[in-house]
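For reference, the structure discussed in these notes is given below.
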Amino acid sequence: MAELDFEIYNNQLIQQIVGPHDSNLRLIEKMLEVEISSFGNKITIKGAKKATEQAKEALDILNTKASKGIEINEQEVKAAVRISNNGNSNVDPKTLSDIVLKTKKRHIYPRSANQALYIQEMFKNELVFGLGPAGTGKTYLAVALAVSMMLEGKIDKIILSRPAVEAGENLGFLPGDMKDKIDPYLRPLYDALYEMLPAEHVDKKLAIGEIEIAPLAFMRGRTLSNAFVILDEAQNTTPMQMKMFLTRLGENSRMVVNGDLSQVDLPRGTISGLQDALDTLKKVSNISSVTFSATDVVRHGLVAKIVKAYEERTKKAKND
């Protein structure tokens, strides 16, 4: 058992950090299995050495965020705990609150160390692969960075794409014209845009072509310059489709390719273009990949438990 004592000297910040009726402290206690007490400006943490240090780190992160005017709510507390459990030496938890993506409707901060690393890699590299389960923010953060760069005038166009393969369904059997057929597959991309820009801005940019949302097949034969290009659900591409997409990259552009290799919907025996690309390009410079896990899931807490359960079952099956 270990004990840590420290003080937060700003009376206004301490109120925000501990939360109403110490609710934020209770949440950290539950997540890390420690005991936290506060008296005035003094906070005491008791528990296993590693857990107490992580709790202290989480409270330091909340202190930094509160001092910058960021509202401390339940999601921020959970994010601080995830970030404090930082097994990645490339990311300094104390500087994570300096990473921000500014859009018209909100400022977006990383909610785990891997999310911070992902944002950093997207800034640095022309091609980034985001790998891992749903709910880890892969597409959301890529869209946020694209919107932020467009608002800063660094790119002229945002292109969002997905392969039209989902859960074994066939587009030919769906009702309506081509737009009616493909829109359901592209809906998550629209949703992300509308969270970051006013609806009228999104609609205008879609109308004039500054934002384009299209199935992967529509990318053939194009050169995409001065653009931020995102391919979502990339595990459902074939190797030829992936090669076609990657070779669209033009001047002053960057690409982000996201996917979950545990959720491949291609016909049995078909190699995933995402896996093929990772194997083929692993020695090429200016290309980075970031792998997320269940601990990075930022949706409902139960989603992280579900993802973890599936990961453990898959790992067990491989070992048997």
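Numbering of residues begins at 1 and proceeds along the displayed sequence. Because the structure is a prediction, the values reported are computed rather than measured.
Note on Phe6 and Ile72: same hydrophobic cluster, where clusters join Ile, Leu, Val, Met, Phe, Trp and Tyr whose side-chain heavy atoms are under 4.5 Å apart, directly or indirectly. Side-chain heavy atoms closer than 4.5 Å link hydrophobic residues (I, L, V, M, F, W, Y) into clusters, and following such links, even through other members, never connects Met1 to Val34. Residues Val284 and Met255 share a single hydrophobic cluster, defined by chaining ILVMFWY side chains whose heavy atoms lie under 4.5 Å apart.
When each of Phe129, Tyr140, Phe292 is tested with Tyr118 by the rule ring pair (Phe, Tyr, Trp, His ring centres under 6.0 Å), just one qualifies, namely Phe292. A side chain to side chain donor-acceptor pair (under 3.5 Å) with Glu53 is found for exactly one of Lys56, Lys49, Lys50, namely Lys49. With respect to Glu195, the salt bridge (Lys or Arg N to Asp or Glu O under 4.0 Å) criterion is satisfied by exactly one of Lys105, Arg106, Lys104: Arg106.
Annotation: Glu33, atom CD; neighbour count of heavy atoms from other residues, nucleotides and ligands within 6.0 Å does not exceed 12. In the displayed structure, Glu251 atom CD is contacted under 6.0 Å by at most 12 heavy atoms of other residues, nucleotides or ligands. Within 6.0 Å of the CD atom in Glu3, the count of heavy atoms belonging to other residues, nucleotides or ligands exceeds 12. With a 6.0 Å radius and a threshold of 12 heavy atoms from other residues, nucleotides or ligands, Gln275 has its CD atom above the threshold.
Under the 4.5 Å side-chain criterion, counting only non-hydrogen atoms from C-beta, Leu145 is in contact with Phe123. Counting only heavy atoms from C-beta outward, the side chains of Leu261 and Leu278 approach each other to under 4.5 Å. Put simply, the side chain of Arg254 reaches to within 4.5 Å of the side chain of Met149, judged on heavy atoms. For the pair Ser38/Asp22, a side-chain contact is recorded, criterion being any heavy-atom separation below 4.5 Å from C-beta on. By the 4.5 Å heavy-atom criterion applied to side chains, Met242 and Leu281 are not counted as neighbours. Counting heavy atoms from C-beta outward, Ile43 and Ile14 have side chains that approach closer than 4.5 Å. Counting only heavy atoms from C-beta outward, the side chains of Ile213 and Leu193 approach each other to under 4.5 Å. At a threshold of 4.5 Å between non-hydrogen side-chain atoms, the residues Glu152 and Lys102 do not count as touching.
Here Ile158 contributes atom CD1 and Leu197 contributes atom CG; the two are 7.0 Å apart, rounded to the nearest 0.5 Å. Annotation: the span from Asn252 atom CG to Glu126 atom CD amounts to 9.0 Å, rounded to 0.5 Å. The structure places CG of Leu189 at 5.5 Å from CZ of Arg162, a figure rounded to the nearest 0.5 Å. Atom CD1 of residue Ile230 and atom CG of residue Leu160 lie 5.0 Å apart, to the nearest 0.5 angstrom. Atoms CD1 and OG, on Ile17 and Ser67 in that order, are 8.0 Å from each other to the nearest 0.5 Å. The structure places CD1 of Ile108 at 8.5 Å from OG of Ser148, a figure rounded to the nearest 0.5 Å.
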Checklist entry - Going through the distances and angles, do Arg248 and Val229 end up as a side-chain contact (heavy atoms from CB on, under 4.5 Å)? => result CA-CA 9 Å; Arg248 301 308 93 196; Val229 191; over 6 Å; no

Item to check | Leu224 and Lys157: CA distance, side-chain angles, deciding distance, side-chain contact (heavy atoms from CB on, under 4.5 Å) verdict | outcome: CA-CA 9 Å; Leu224 307 173; Lys157 192 168 187 176; over 6 Å; no

Next on the checklist: Determine whether Leu151 and His201 satisfy the following criterion, side-chain contact (heavy atoms from CB on, under 4.5 Å), listing intermediate values before the conclusion.
Outcome noted: CA-CA 11 Å; Leu151 293 175; His201 288 209; over 6 Å; no

Next on the checklist: With side-chain contact (heavy atoms from CB on, under 4.5 Å) as the criterion, how do Ile36 and Thr44 come out once you've worked through the C-alpha distance, each side chain's angles and the decisive distance to 0.1 Å?
Outcome noted: CA-CA 6 Å; Ile36 308 176; Thr44 300; over 6 Å; no

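Not one N or O on the side chain of Thr280 forms a donor-acceptor pair closer than 3.5 Å with the backbone of Ala277. Looking at Ser161, its side chain does come within 3.5 Å of a backbone N or O of Leu216 through a donor-acceptor pair. For the pair Glu7 (side chain) and Asn41 (backbone), a donor-acceptor distance under 3.5 Å is absent. Side chain of Lys138 to backbone of Gly132: a donor-acceptor contact under 3.5 angstrom is found. The closest donor-acceptor contact from the side chain of Asn125 to the backbone of Leu127 lies at 3.5 Å or more, if one exists at all. Here the side chain of Asn24 pairs a donor or acceptor atom with the backbone of Gln16 at under 3.5 angstrom.
A side-chain N or O of Ser112 and one of Asp296 form a donor-acceptor pair less than 3.5 Å apart.
Here the closest heavy-atom approach between residue Leu274 and residue Thr237 is recorded as N-OG1, 3.7 Å. Pro110 and Lys65 get closest at one heavy-atom pair: O-NZ, 4.2 Å. Across Gln235 and Gln263, no two heavy atoms sit closer than the pair NE2-O, 3.2 Å. In plain terms, the two heavy atoms of Ile119 and Ile99 that are nearest each other are CG2-CG2, 3.8 Å. Taking each heavy atom of Leu206 and Tyr194 in turn, the nearest pair found is CD1-OH, 4.4 Å. Nearest heavy-atom pair across Ser253 and Asn226 is OG-N, 2.9 Å.
A salt bridge links Arg111 with Glu76; the closest basic N to acidic carboxylate O contact falls under 4.0 Å. Between Lys205 and Glu210 there is a salt bridge, since a side-chain N of the basic residue sits under 4.0 Å from a carboxylate O of the acidic one. Using a cut-off of 4.0 Å between Lys/Arg side-chain N and Asp/Glu carboxylate O, Lys124 and Glu121 are scored as salt-bridged. A salt bridge is absent between Lys204 and Glu200: the closest approach of a Lys/Arg side-chain nitrogen to an acidic carboxylate oxygen does not fall below 4.0 angstrom.
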